[in-house]
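Taking it in order: structure first as structure tokens, then the write-up.
Not measured: the values here are computed from a predicted model. So that the names make sense, note that chain A is the first sequence line, chain B the second, and so on, each numbered from 1.
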Protein chains: 2
Amino acid sequence: MNKLKEFIETLTPISDKEFEDSKDNFSKIHLKKEDFFVEQGKICRQIAFINNGTLRTFYINNKAEEITACFCTKNSLTTSYKSFILQEPSLVSIQALEDTELLVIDHEKLQQLYNTSRAWQNIGRQIAEREYFVMEQYAATLNNESAKEKYLRLLNEQPEVLHKASVEDIATYLGVTRRTLSRIRQEIAK
Amino acid sequence: MNKLKEFIETLTPISDKEFEDSKDNFSKIHLKKEDFFVEQGKICRQIAFINNGTLRTFYINNKAEEITACFCTKNSLTTSYKSFILQEPSLVSIQALEDTELLVIDHEKLQQLYNTSRAWQNIGRQIAEREYFVMEQYAATLNNESAKEKYLRLLNEQPEVLHKASVEDIATYLGVTRRTLSRIRQEIAK
DNA sequence: ATCATTTGAGGACATTTGTCCTTTCAGTCC
DNA sequence: GGACTGAAAGGACAAATGTCCTCAAATGAT
């Protein structure tokens with residue numbers, strides 16, 4: 001739970017008592033490699049803090065291709081955010097790339113925290129704001145960076161992902177084909 | 001102000017009294033064609049509801065090219081969201097494509113509303129959530145749709161923009177060159 | 001250990017997109 | 001009206017990327 005508290009404190013100060021009072025709302029779950037945390041088409045009922053492990057968010061596009069939207073690594077949040085907020089079917093699946101440990105809280109319980117605690121109202125807004133920043137950064141990356149630059153960014157920011165994900169997963173994340181990713185790697189190895 | 005109240009009510013119920021009490025925090029501003037609402041590098045101190053008009057959000061990328069990030073049309077919000085939330089220099093500029101009327105609220109005043117009203121805490125979180133959905137949709141579009149599909153989406157969702165923005169603006173919005181946009185239009189005209 | 005299956009690298013050619021350029025047309029200043 | 005200016009369309013060629021393929025290495029199953 002310590003890492004979770006540290007994470008929350010990057011958002012807003014929270015007293016020990018307030019954290020202790022709310023921590024029963026979280027529970028620990030373990031995923032084995034290839035287990036799903038969220039499945040496309042089902043409602044995502046939880047938001048998770050990643051204690052340990054790596055996950056991949058992906059969806060099936062209208063050409064029936066499986067596209068990686070992001071990789072989620074430890075000490076950050078993961079959820080199908082829109083599905084979680086609106087409690088509507090998820091457009092994405094989230095799957096463990098390796099054995100993974102999560103701290104999860106149900107949508108209902110989080111709403112109760114929002115309703116009973118001003119600190120949690122604040123945390124909720126700031127989570128939304130942070131999710132926005134992450135998505136904005138992602139969009140900026142999509143817009144500005146070539147596939148090669150995106151690859152180098154991944155190499156720099158989440159290097160462990162390059163060993164845990166397949167070439168196919170990484171290629172769809174970069175928005176190119178496997179062939180082009182192969183050319184990119186060739187060029188970088190120069 | 002009516003349109004603003006209608007907009008807020010799509011987020012959360014607000015009593016007439018609560019709306020009346022807070023509406024003095026908003027003020028009306030008029031922009032002439034080509035005036036800036038936000039300038040890249042300056043802190044964005046306001047969030048705006050667009051009563052009338054059209055704006056373009058853009059930035060200068062690391063190749064010194066001006067890239068259109070989005071077009072903002074009436075009855076929606078516009079701001080340099082990250083700059084507004086964190087009160088840090090904006091990465092984007094927002095410029096009127098035609099004469100435009102905005103209802104704006106200062107960051108400070110919005111914080112006061114958050115601190116004094118649970119309804120506004122709620123609105124604030126839901127604005128953040130909505131900004132997230134918009135950004136997510138944008139990212140999904142960037143990821144999934146070809147330039148041609150994006151053009152058709154723009155034609156469908158914000159057709160007025162095609163007359164108000166230049167070919168250059170639209171091309172950078174689609175992520176292609178003018179030459180390719182010209183080819184896309186040729187193909188659609190078939 | 002062996003065989004079958006999956007995964008990644010990279011060759012050959014086709015297609016798409018970008019770069020650079022010219023032409024056309026509409027607006028505007030004298 | 002005629003000359004100038006700037007924006008948009010589109011031609012010709014170059015560069016980047018995709019498609020389809022083969023081969024070799026890694027992984028799994030028996």
At less than 3.5 Å, do the side-chain atoms of R179(A) and the base atoms of dG11(C) form a donor-acceptor pair? yes
Distance-only donor-acceptor check, side chains T172(B) and T68(B), under 3.5 Å: yes
Which whole-number value in Å describes the distance from [X] [atom1] to [N] [atom2]?
| X | N | atom1 | atom2 | answer |
| --- | --- | --- | --- | --- |
| E187(B) | dG10(D) | CD | P | 12 Å |
| R185(B) | dA8(D) | CZ | P | 8 Å |
| E66(A) | dT7(C) | CD | C1' | 15 Å |
| K150(B) | dT17(C) | NZ | C1' | 13 Å |
| I188(B) | dG10(D) | CD1 | P | 13 Å |
| I184(B) | dT16(C) | CD1 | P | 12 Å |
| D169(B) | dA7(D) | CG | C1' | 12 Å |
| L97(A) | dT7(C) | CG | P | 14 Å |

Can you tell me if [atom1] on [X] sees more than 12 non-hydrogen neighbours from other groups inside 6.0 Å?
| X | atom1 | result |
| --- | --- | --- |
| R178(A) | CZ | no |
| N2(A) | CG | no |
| K5(A) | NZ | yes |
| K33(B) | NZ | no |

Pick base, sugar-phosphate or nothing for R183(B), based on heavy-atom distances below 4.0 Å to the nucleic acid. base
Touch class at under 4.0 angstrom, heavy-atom based, for S182(A) against every strand present: base
Closest-nucleotide 5' rank along DNA chain D - winner of G175(A) and R178(B): R178(B)
Specify the residue among S146(A) and L181(B) whose closest nucleotide of DNA chain D lies further upstream toward the 5′ end. L181(B)
With five pairs defining each end axis, the helix from dA1(C)-dT30(D) to dC30(C)-dG1(D) comes out bent, to 10°, by 40°
According to a strict under-4.0 Å criterion, is S166(B) in side-chain N/O contact with OP1 or OP2 of dA7(D)? no
From the set dA9(D), dT19(D), dT19(C), return the single nucleotide nearest to any side-chain atom of T177(B). dT19(C)
Would you verify whether the NZ or CZ of R130(A) falls within 45 degrees of the ring axis of F133(A) while also being under 6.0 Å from that six-membered ring's centre? no
Among K82(A), E108(A), R45(A), Q111(A), the one residue meeting side chain to side chain donor-acceptor pair (under 3.5 Å) with Q87(A): R45(A)
